[in-house]
Chemist: 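Quick one: this structure, given as structure tokens, is what I'll be asking you about.
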Protein chains: 2
Amino acid sequence: MKDSPEDQIVNAILDAIAEQRLPAGTKLGEQALSDLFSCNRANVRRALASLAAQQVVELRPNRGAFVMTPSPKEARDIFQARRAIERTIARHASGQASADDIAFLRDNILEEAEARKAGDKPAELRASRQFHMRIAQIAGNLVLERFLSELTMRSTLILGLYSPTGSSSCAEDEHDRIVDALEAGDTENLVQLADEHLRHLEAGLNFDEPPAAPMSLQEQLMVPRRTPPAK
Amino acid sequence: MKDSPEDQIVNAILDAIAEQRLPAGTKLGEQALSDLFSCNRANVRRALASLAAQQVVELRPNRGAFVMTPSPKEARDIFQARRAIERTIARHASGQASADDIAFLRDNILEEAEARKAGDKPAELRASRQFHMRIAQIAGNLVLERFLSELTMRSTLILGLYSPTGSSSCAEDEHDRIVDALEAGDTENLVQLADEHLRHLEAGLNFDEPPAAPMSLQEQLMVPRRTPPAK
DNA sequence: TTGTCATTTATTGTTAACAATATTTGATAA
DNA sequence: TTATCAAATATTGTTAACAATAAATGACAA
């Protein structure tokens, strides 16, 4: 039941991006990756092609693969698309959540709050992402779920680039109220909350100062946890 | 400025699917493709990985690549997602169309009608798809445009599988009224029309009899392409 | 005929060597 | 020092051979 080398690479990179261990602009060298995952370069190349199709990696001919660096215009498009998709998801999820779903989400909120308190950014981002993705699962549309998965990934890159450290994540009381509305089946309110939640996140962005990006492949790709910025 | 072998292959296959020259289930052999595009198999494999990431090709380990065969459930998800996205696109496009845009769309409607009359299915599908994609361009959100591009592709596969030959495409008078609303900037009406348009398309599907699919790589892949560039 | 199974053939998957292209390094001169 | 440029190094891109797996073939027996 182990999956192909390509899938391993793709998933490891997606996870790393989702937890901001791999910042935008990081070079993804073929040699480095084939060493890390002990496979051949052909597998790495296929994985990178796949990631490029998902818009989380940029392929520059003869120069290699890099974690995508979203422009301000792309950031706008991505958040606009996210609102459209998450509103739809909210509509379809409303009233469909099982007791397990609600319990998971309530627990998730605590988890995220703890991670935030502990200053564990990757854990916080992971929890926050899980919150949004779980609601997408409740909605039961795999296409929208996949789209949202891609957009949350790219959102994380955007936050890493344009967020004045601190505003970089969801407000937990908003998550709380979202679960309340979801549980109550108050559809219109839920949709409205989801929309506002994303507007707040976007409002926290600052495009004034151009982003400075670290550029080397951080070996945190293999690390299960932890991110001391050091330096 | 010619693009890489991968891009060529990807675009040729996408075009072929969009025009129903490549039906669902068609096997995409590596040898056959590398012969057709006179490149090596490594390029073919990368292209197929990319197409798989876009969900238009299915990769079965040790068995090869096949044009994706959407299930009824996937069909439902895809049309639901399309409605959400095209409604949003309609909202953003409303009142933003230039004179050129309107002229293009009016002309496109005639083109589609002619193709239908002439029984030229690929031309009809191409025109219909261009109609939807042009409006997406007017809306100005590249993310939504890309999502819609993927969904129209998959919709074409669905129509090829589950459409009782005939209902398999858009009603032209609906396109007409959509352009009217777009030109008038009548946002709410436009959104409503777009939604109904897609519901009608979906309502024409029949999932009762399981689809029979031809399975060989049709050499229609090489048919000359006339896809005029955007704007 | 029809079904089974071993053999052959074709296809996908892996690997390593090589070529083409960037990038880095270090010497030289202003 | 600083700038320039050629050589050295590293990385990406291509190719062909080989291995592993699946599909097709055909002989044989009921």
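A, B, ... follow the sequence lines: proteins, then strands. Residue 1 opens every chain. As a basis for the values below, the full set of heavy atoms in this structure was taken, side chains included, without hydrogen atoms, waters or symmetry mates.
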Chemist: Can you name the residues that form a salt bridge (charged side-chain N to carboxylate O under 4.0 Å, His left out) with R83(A), not counting sequence neighbours?
Modeler: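 Applying salt bridge (charged side-chain N to carboxylate O under 4.0 Å, His left out) to R83(A) gives D195(A), E202(A).
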Chemist: Output one letter per nucleotide in nucleotides 12-25 of chain D: B when a protein non-hydrogen atom lies under 4.0 Å from the base, S when only the sugar-phosphate is that close, - when neither is.
Modeler: BBBB-----SSS--
Chemist: Partners of E86(A) by side chain to side chain donor-acceptor pair (under 3.5 Å), sequence neighbours excluded?
Modeler: R82(A), H132(A)
Chemist: With sequence neighbours left out, which residue pairs that include part of residues 50-66 of chain B fulfil the side chain to side chain donor-acceptor pair (under 3.5 Å) condition?
Modeler: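 Not a single pair qualifies under side chain to side chain donor-acceptor pair (under 3.5 Å).
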Chemist: For F131(A), which residues count as a ring pair (Phe, Tyr, Trp, His ring centres under 6.0 Å) partner, sequence neighbours excluded?
Modeler: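 Partners of F131(A) by the ring pair (Phe, Tyr, Trp, His ring centres under 6.0 Å) criterion, ordered by chain and then number, come out as H175(A).
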Chemist: Return the set of residues passing side chain to side chain donor-acceptor pair (under 3.5 Å) with E150(B) (not counting sequence neighbours), or none when no residue passes.
Modeler: R146(A), R154(B)
